[in-house]
K.L.:
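Would you mind keeping the following structure in view while I ask a few things?
Quick caveat, the model's predicted, so the values are computed rather than measured.
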Amino acid sequence: MAEQTIDGRVYPIGIQSFQKIIQEGYTYVDKTFFVAKLVKEGQYIFLSRPRRFGKSLLLSTIHAYFEGHRELFKGLAIDSLDMDWTPRPVLHFDFNNGKYDQPHGLEEKLKEHLDQYETIYGLSYDTSINIVTRFERLIRGVHNKTGKKVVILVDEYDKPLLNLEEDSELYEKRQNMLKGFFSNLKSLDDYIEFGMLTGVARFSKVSIFSDLNNLNDISMYEQFQEICGWTEEELTSNFSTGIAELARKRHETPEQTVRELRNYYDGYLFSEEGTRMYNPYSVMKALYSKIIKPYWFESGTPTFIAKRIKKSGINLQSLDGQTQTYSRLIAVGTNNITALMFQTGYLTISSYDFRRQRYTLCFPNREVEVGFAENLLPLYIPSTEKADSPFNVERFKDDLFDGEPESFMERLEAIFKSLPGEDHQESTYRAITYLLCVLSGTEAIPERHSYKGRSDLEVLTHDYVYLFEFKYNKSLQEAMEQIYSRDYAGRYGKDNRKIYLIGANYVEKKDERKLEYRIEELTR
């Protein structure tokens with residue numbers, strides 16, 4: 001999928017083959033300096049990056065290097081470096097595509113790869129033996145047949161596990177299968193020249209590769225911060241024509257367009273310091289379609305994350321701005337929702353306190369925040385997906401942008417009364433309110449700190465400011481008094497927008513569920 005641009009360049013949307021990109025004239029953002037650094041400095045590497053960030057293309061580039069295809073690298077950074085271009089045998093295991101919803105999906109995928117390489121190298125083994133032994137014999141056999149050490153590349157190692165519950169029997173079975181399979185990377189060290197594994201999350205890394213203590217996780221190394229994704233310099237230097245075309249379509253300057261691209265697709269930081277990175281897939285989709293909107297979630301949503309977030313009852317408003325230590329960010333186990341969201345790209349590093357050794361996290365950009373809300377809200381309110389529903393997000397959007405807080409709160413109360421079941425957590429009500437405001441296209445700022453306290457939610461549009469204070473089974477008067485006593489409106493003293501103060505009390509008792517609220521327009 002690509003579009004010809006004025007300067008003759010084409011966008012490699014969805015293309016993960018380095019060879020295809022080079023040979024067919026697609027635009028390639030040169031990452032070969034990092035390839036050279038990897039193959040010279042390490043033997044066993046692990047890299048975690050979010051979906052659609054270029055991990056598969058990186059492994060394809062490494063694959064082409066080790067097979068000695070120097071002609072593909074002409075004019076790229078690696079071409080001028082002192083490298084060994086002798087071809088080596090490469091075993092490339094790609095877990096992107098598999099029938100992992102089937103009980104034997106992982107086993108069939110592994111056998112498929114083993115069959116392929118046994119055929120390529122003319123090796124004949126008893127296919128009835130277990131896959132761990134087959135892999136061991138394959139590595140030894142390829143080494144003996146070629147006289148060279150083997151290169152092993154594994155793409156998206158965790159894909160067979162991502163949509164499974166950790167306490168399920170199938171999860172444990174697959175985890176043990178992968179652990180046994182990849183244990184060969186250590187026991188056959190003398191036969192292997194280089195090995196690299198990539199994945200979305202590190203949550204299962206330790207349990208699967210507990211025997212692989214020689215695996216170097218470079219995911220949060222500053223020197224590899226730019227190995228996947230694009231810097232803004234890479235974006236503007238490689239796609240200046242596409243940016244200019246998009247700017248003309250939007251009736252704005254290229255500089256204004258870059259600011260909006262930055263707002264939507266930039267912001268990923270994978271180390272304590274460094275350059276923030278763009279999501280390359282989403283940027284190319286925006287340049288191709290000439291429309292800036294969320295694309296990351298269109299390419300396949302990991303629904304397990306949304307389900308676990310809702311199940312956890314976590315306060316969504318606390319996600320943006322919370323702090324974590326390094327050990328918590330790479331913690332094993334999906335019960336750590338914050339770590340899981342960081343590893344999968346829903347949250348990124350906002351800043352790092354070197355003295356306290358703590359990371360502050362945030363949503364990386366508008367695309368992730370909106371896409372996150374779009375996929376989570378239907379789990380709370382299924383009816384919001386229906387266009388003719390009174391709870392449709394567009395109606396809430398109109399209320400906020402038209403300065404109709406009364407209508408907004410009436411719709412919100414109707415949603416709460418319609419929720420199935422009883423005894424909902426306070427986090428459910430807060431989450432629904434926050435998600436609706438995010439999806440309405442407003443600037444929704446949860447738990448904003450001020451010199452006197454912290455507001456629950458501030459919602460900003462071009463013409464209006466809405467300041468919310470929420471209570472649960474308490475007092476509406478208490479909510480309003482807190483808005484005034486902590487001077488939530490103080491920061492907007494010189495703001496020309498109309499300001500509404502909204503106190504809300506979620507009431508849920510045995511035979512009653514309602515939303516009490518009071519709206520006051522700030523007079524100045």
Side-chain angles (χ1 to χ4, degrees), residues 1-16 18 21-22 24-37 49-55 57-58 61 73-80 222-271 273-296 299 345 348-350 362-371:
M1 181 181 185
E3 176 180 319
Q4 195 78 22
T5 62
I6 294 173
D7 58 4
R9 311 191 94 180
V10 288
Y11 304 130
I13 299 174
I15 298 176
Q16 301 169 347
F18 173 73
I21 287 174
I22 298 300
E24 298 187 14
Y26 290 89
T27 300
Y28 175 67
V29 176
D30 191 354
K31 298 291 184 179
T32 59
F33 167 80
F34 296 104
V35 171
K37 188 174 179 65
R49 284 293 184 270
R51 293 180 304 110
R52 294 295 193 174
F53 234 81
K55 300 187 298 297
L57 176 57
L58 175 65
T61 308
F73 295 86
K74 185 177 181 180
L76 299 177
I78 198 173
D79 191 33
S80 62
E222 185 177 345
Q223 61 265 42
F224 291 107
Q225 160 76 12
E226 300 175 17
I227 194 170
C228 291
W230 296 340
T231 66
E232 188 161 301
E233 181 181 356
E234 288 171 333
L235 169 63
T236 56
S237 61
N238 285 277
F239 299 96
S240 58
T241 300
I243 292 170
E245 291 174 346
L246 177 58
R248 282 194 294 272
K249 173 71 179 300
R250 291 170 56 86
H251 305 289
E252 59 188 16
T253 67
E255 292 75 19
Q256 289 172 321
T257 296
V258 170
R259 281 199 296 271
E260 191 64 6
L261 289 171
R262 186 187 307 135
N263 179 45
Y264 255 82
Y265 309 123
D266 190 24
Y268 296 91
L269 185 63
F270 303 105
S271 60
E273 292 183 328
T275 305
R276 295 192 177 273
M277 306 300 292
Y278 281 79
N279 181 322
Y281 175 81
S282 297
V283 172
M284 284 191 292
K285 288 282 284 186
L287 296 177
Y288 171 78
S289 65
K290 297 183 177 58
I291 300 174
I292 296 177
K293 66 178 184 179
Y295 292 104
W296 190 49
S299 65
T348 194
I349 298 170
S350 173
C362 64
F363 287 113
N365 50 50
R366 181 66 176 163
E367 175 183 50
V368 172
E369 186 177 24
V370 171

K.L.:
So do the side chains of V283 and N279 get within less than 4.5 Å of each other, counting heavy atoms only?
P.N.:
no

K.L.:
Between OG1 of T241 and CG of L246, what distance do you get to the nearest 0.5 Å?
P.N.:
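Between T241 OG1 and L246 CG, I get 12.5 Å after rounding to 0.5 Å.
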
K.L.:
Is the backbone of G267 close enough, under 3.5 Å, to the side chain of R276 for a donor and an acceptor to pair up by distance?
P.N.:
yes

K.L.:
Between F34 and F224, what is the ring plane arrangement, given parallel below 30°, perpendicular above 60°, and tilted in between?
P.N.:
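Because their plane-to-plane angle lies in the 30° to 60° range, the rings of F34 and F224 count as tilted.
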
K.L.:
For the residue pair Y278 and L261, what are the closest heavy atoms and their distance?
P.N.:
CE2-O, 3.6 Å

K.L.:
Taking C-beta and beyond as the side chain, do I13 and Y281 meet within less than 4.5 Å on heavy atoms?
P.N.:
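Yes, side chains in contact.
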
K.L.:
Please work out which of the three classes, parallel, tilted or perpendicular, describes the rings of Y11 and F239, given edges at 30° and 60°.
P.N.:
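The arrangement is tilted - the two ring planes meet at 30° to 60°.
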
K.L.:
What about the rings of Y264 and Y295, do their centers lie closer together than 6.0 Å?
P.N.:
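No, ring centres 6.0 Å or more apart.
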
K.L.:
Run the numbers on I227 and V35 for side chain to side chain contact (heavy atoms under 4.5 Å, CB included), then give the verdict.
P.N.:
CA-CA 8 Å; I227 194 170; V35 171; over 6 Å; no

K.L.:
Please give me the minimum heavy-atom distance between K55 and R49, naming the atom from each residue.
P.N.:
NZ-O, 3.1 Å

K.L.:
Heavy atoms only: give me the nearest N365-N263 pair and the separation to one decimal.
P.N.:
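It is CB-O, 3.4 Å.
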
K.L.:
Could you check Y265, F270, W230 and say which one makes a ring-ring contact (aromatic ring centres under 6.0 Å, His included) with F53?
P.N.:
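One option only clears the test, and that one is F270.
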
K.L.:
Mind checking the NZ-CZ spacing from K31 to F18? Nearest 0.5 Å is all I need.
P.N.:
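Nearest 0.5 Å value for the NZ-CZ distance: 13.5 Å.
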
